[in-house]
Amino acid sequence: MTESNQQRIWQVVSQIPEGKIASYGQVAAQAGIPQAARLVGNVLRKLPEGSNLPWHRVVNSQRKISFPIGSPAYQEQKQRLLLEGIVFNKEKIAINHLAWHYL
DNA sequence: CCCTTGACCAACG
DNA sequence: GCGTTGGCCAAGG
């Protein structure tokens, strides 16, 4: 089974529970490609529309959404997270929502 | 084949 | 806090 990195990334993201988040770096590490955080963003960027993957649960290591503030993508991701009970303090997500231990 | 570009990150200065 | 550097991988020119 020659699983592509893309497949492993999908797999990891699909396991992030509702109401929790993970960083790009954490997802990459879990997928067995440490230091390849950028790849995670690249993979998520080209997801098909109907995808059920919880892409919105992936944020950057600063617990912020990696889209320009106010952009359509930013607003959609924030909205989805709010619906899951994620709490924002300004643009930053409250610490206790991290899915995996970090720092 | 080389170079650049990303929803990135940690280590430095 | 900011800017730089090096690391990873895939896609496109």
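Not measured: the values here are computed from a predicted model. In the text below, chain A, chain B and the rest are named by the order of the sequence lines, each starting its count at 1.
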### Summary
Sorted by position of nearest nucleotide on DNA chain C, 5' first, the leading residue of A/Q6 and A/A37 is A/A37
### Message
Are A/E84 and A/R57 packed together at the side-chain level, in the sense that at least one heavy-atom pair is separated by less than 4.5 angstrom?
### Response
yes
### Message
Need one value for A/K64: base, sugar-phosphate or nothing, where a base atom within 4.0 Å counts as base even if backbone is also close, heavy atoms only.
### Response
nothing
#### Entry: Euclidean distance, atom CG of residue A/N5 to atom C1' of C/dG7 [Å, nearest integer]
15 Å
### Task
Measure the distance from CD on A/Q7 to P on C/dC9 and round it to the nearest whole Å.
17 Å
### Message
Under a 3.5 Å distance rule, please check whether A/R80 uses its side chain to pair with a backbone N or O of A/H56 as donor and acceptor.
### Response
no
#### Entry: Between B/dC9 (C1') and A/L39 (CG): distance, integer Å
14 Å
### Whole angstrom value for the distance that separates P of B/dC9 from CD of A/Q26
9 Å
### Query
C/dC9, B/dG6, B/dA7: which one has an atom nearest the side-chain heavy atoms of A/Q77?
B/dA7
#### Entry: Any donor-acceptor N/O pair under 3.5 Å between B/dG6 base and A/R45 side chain
no
### Message
Using whole Å, what does the distance between atom P of nucleotide C/dA10 and atom CH2 of A/W10 come to?
### Response
13 Å
### Task
Indicate whether OP1 or OP2 belonging to B/dA7 is found under 4.0 Å from a side-chain N or O atom of A/N42.
no
### Query
Say you draw a straight line from CD of A/Q11 to CG of A/N5; how long is it, rounded to the nearest 0.5 Å?
13.0 Å
### Message
Rounded to whole Å, please give me the gap between CG in A/N60 and C1' in B/dA10.
### Response
13 Å
### Message
Against A/K78, only a single residue in A/I65, A/I86, A/I69 fulfils side-chain contact (heavy atoms from CB on, under 4.5 Å); can you say which?
### Response
A/I65
### Message
Rounded to whole Å, how long is the line connecting atom CG of A/L47 with atom P of C/dA11?
### Response
13 Å
### Message
Looking at A/S61, I'd like to know whether one of its side-chain N or O atoms comes within less than 4.0 Å of OP1 or OP2 on B/dC8.
### Response
no
### Message
If you define the side chain from C-beta out and look only at heavy atoms, does anything of A/I33 sit under 4.5 Å from A/I9?
### Response
yes
### Message
I want to verify a distance call: between B/dA7, C/dC9, B/dC9, whose nearest atom is closest to the A/F67 side chain?
### Response
B/dA7
### Message
If I pick the P atom on B/dA7 and the same atom on C/dG7, what distance separates them, to the nearest angstrom?
### Response
22 Å
### Query
Which comes earlier along DNA chain C counting from the 5' end, the contact point of A/K46 or that of A/R38, where each point is its nearest nucleotide?
A/R38
### Message
If I take atom CG in residue A/L81 and atom P in nucleotide B/dA7, what distance separates them, rounded to the nearest angstrom?
### Response
18 Å
